[in-house]
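These notes concern the structure reproduced below.
Note that these values count all heavy atoms, side chains included, but never hydrogens, waters or copies made by symmetry. Chain naming here is simple, since letters A, B, ... match the order of the sequence lines and numbering starts at 1 in each.
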2 protein chains.
Amino acid sequence: MPEAQSPTRKRIVDAATRLFYAEGIGRVSVDAVAEKAGLTKRTLYYHFKSKDDLIAAYLDGRDQPNLKRMAGWFEADQGGVDSKVEAIFANLAVAARHPKWKGCGFLRTAAELASMPGHPAVKVGSRHKSNFEAWLAGALSGHGIEEPEVVAREIVLLIDGSFSIMLIHRNPDYIEAAGRAAATLVRARTPDRD
Amino acid sequence: MPEAQSPTRKRIVDAATRLFYAEGIGRVSVDAVAEKAGLTKRTLYYHFKSKDDLIAAYLDGRDQPNLKRMAGWFEADQGGVDSKVEAIFANLAVAARHPKWKGCGFLRTAAELASMPGHPAVKVGSRHKSNFEAWLAGALSGHGIEEPEVVAREIVLLIDGSFSIMLIHRNPDYIEAAGRAAATLVRARTPDRD
DNA sequence: TTGTGTATATTCACTAGTCGGTATACTTAG
DNA sequence: CTAAGTATACCGACTAGTGAATATACACAA
């Protein structure tokens, strides 16, 4: 029985993360992951019972880092809540300009697995996106927004729309347009206090 | 040299469309497409020089039908422009409840090809999405909206966000939330005329 | 200290099947 | 007779997953 915190397991997940994100889960073989991790495929299968298992572990490992990154951008901005929201998009647009940027790993994996809705990796993705939406709703409340859950969901839709459309057009202007739309929606739910 | 309008070619594209949309381009083999079309792989390769070529033809064939469908929903709604926009999302939500619905073929293909940004199929997808955005901007203008191109782009982001997030959560409520957000954004750019 | 048992961790070599693509030959219509 | 179109059969490369042997490390008894 392999250890859950084994350093070997971590090396495998690290290798899988790099390859799966760069090429997509369907274009990366288990052999390639094993080679990148510097061990044999049989060892990989000692630590993971299947490729599907490994894919789920890959996404699971991205949950917290992604959340922290987004939260960091929101909290670092010194403006009002509309500015804080727009800052998420501005930082996303910067990241999207990096040549290694390939969109959102959760969404791309879900797209590749569209014919297998119950796949464990899709469930991990669903949980991650729900976590983010819940965090955002919490972050919005306390800023005088009327229905923070509604606005959080609208922002989530704009973020994921940005991710998707970037893969088609490769034009970060769309992310900035989404940021302005998000700020508009925030203000639409913020009662004037004059 | 194969004919561009050959009925055999059409049969191949029809078979490819069904399989690629249902399973994703990476999970469908050329053999499977040939079998579904009722001919051999060699015949398929007489009409298409590669699988990549076939993928591009598949998406190219979806351009006009998709545009007409969206335009039909917009035009059929009898309300104001905000209601017409929301009608697109309402109809999308209905479609998304069908068990065979697997999201947007253009976006899913772009996600699968994220590591090959110049792929011909991605270009076809980019053109399609631009066509839709341009049509929408045109449809919005003449309804007293201040910057129809800006609003069209915001709506496009919400539509593609709906497609993506549906593949993760499989919950059409998100599409309806996107529709309400889109209507809000339309009204935010429609000056009061009282 | 030495020897033995045991659980964890790793390797090599392999299976059975699929992949995109093609060489060659046949059919059929003009 | 020719050329477009279709079929059979095949290629080498790659696929996920496995069987059997082995290396390593530590526990405990003599």
- [ ] Summarise protein proximity over nucleotides 25-30 of chain C in one line of letters, 5' to 3': B for base, S for sugar-phosphate only, - for none, counting protein heavy atoms closer than 4.0 Å.
- [x] ------
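Nearest heavy atom pair, residue B:Asp160 against residue B:Ser164, reads O-OG, 2.8 Å. Across every non-hydrogen atom of B:Glu86 and B:Ala183, the tightest pair is OE1-CB, 3.4 Å. Minimum interatomic distance between A:Arg108 and A:Glu23 (heavy atoms only, all atoms of both residues): NH2-C, 3.8 Å.
The structure places OG1 of B:Thr17 at 6.0 Å from CZ of B:Arg62, a figure rounded to the nearest 0.5 Å. Distance NE2/A:His128 to CD/A:Glu133: 11.5 Å, rounded to 0.5 Å.
A 4.5 Å side-chain heavy-atom check between A:Ile12 and A:Leu39 finds at least one atom pair inside the cut-off.
Nucleotide D:dA13 holds its P atom 20 Å from the NZ atom of B:Lys51, rounded to whole Å. Per the geometry, NZ belonging to A:Lys49 stands 19 Å off P belonging to C:dA9, to the nearest Å. Straight-line distance from the CG atom of B:Asp53 to the C1' atom of C:dG20: 14 Å, rounded to whole Å. Residue A:Arg11 contributes atom CZ, which lies 11 Å from atom C1' of C:dT10 at whole-angstrom precision. Between the CZ atom of B:Phe48 and the C1' atom of D:dG5 there is a distance of 14 Å, rounded to whole Å. Rounding to whole angstrom units, CG of residue B:Leu54 and C1' of C:dG21 are separated by 13 Å.
Of all the residues in residues 27-45 of chain A, A:Val28, A:Ser29, A:Val30, A:Lys41, A:Arg42, A:Tyr45 reach under 4.0 Å from DNA chain D with at least one non-hydrogen atom.
The backbone N or O of A:Tyr174 sits nowhere less than 3.5 Å from a side-chain atom of B:Arg153 that would complete a donor-acceptor pair.
Contact annotation for A:Ser6: no contact, since no heavy-atom pair falls under 4.0 Å across all strands.
In this pair, B:Phe163 and B:Trp101 present their aromatic rings parallel. The plane angle is below 30°, not in the 30 to 60° band.
Other residues, nucleotides and ligands contribute over 12 non-hydrogen atoms within 6.0 Å of the CD atom of A:Glu176.
Taking only side-chain nitrogens and oxygens, B:Thr8 comes nearer than 4.0 Å to OP1 or OP2 of D:dT6. Listed pair A:His47 / C:dT10 meets the phosphate criterion, a side-chain N or O lying under 4.0 Å from OP1 or OP2.
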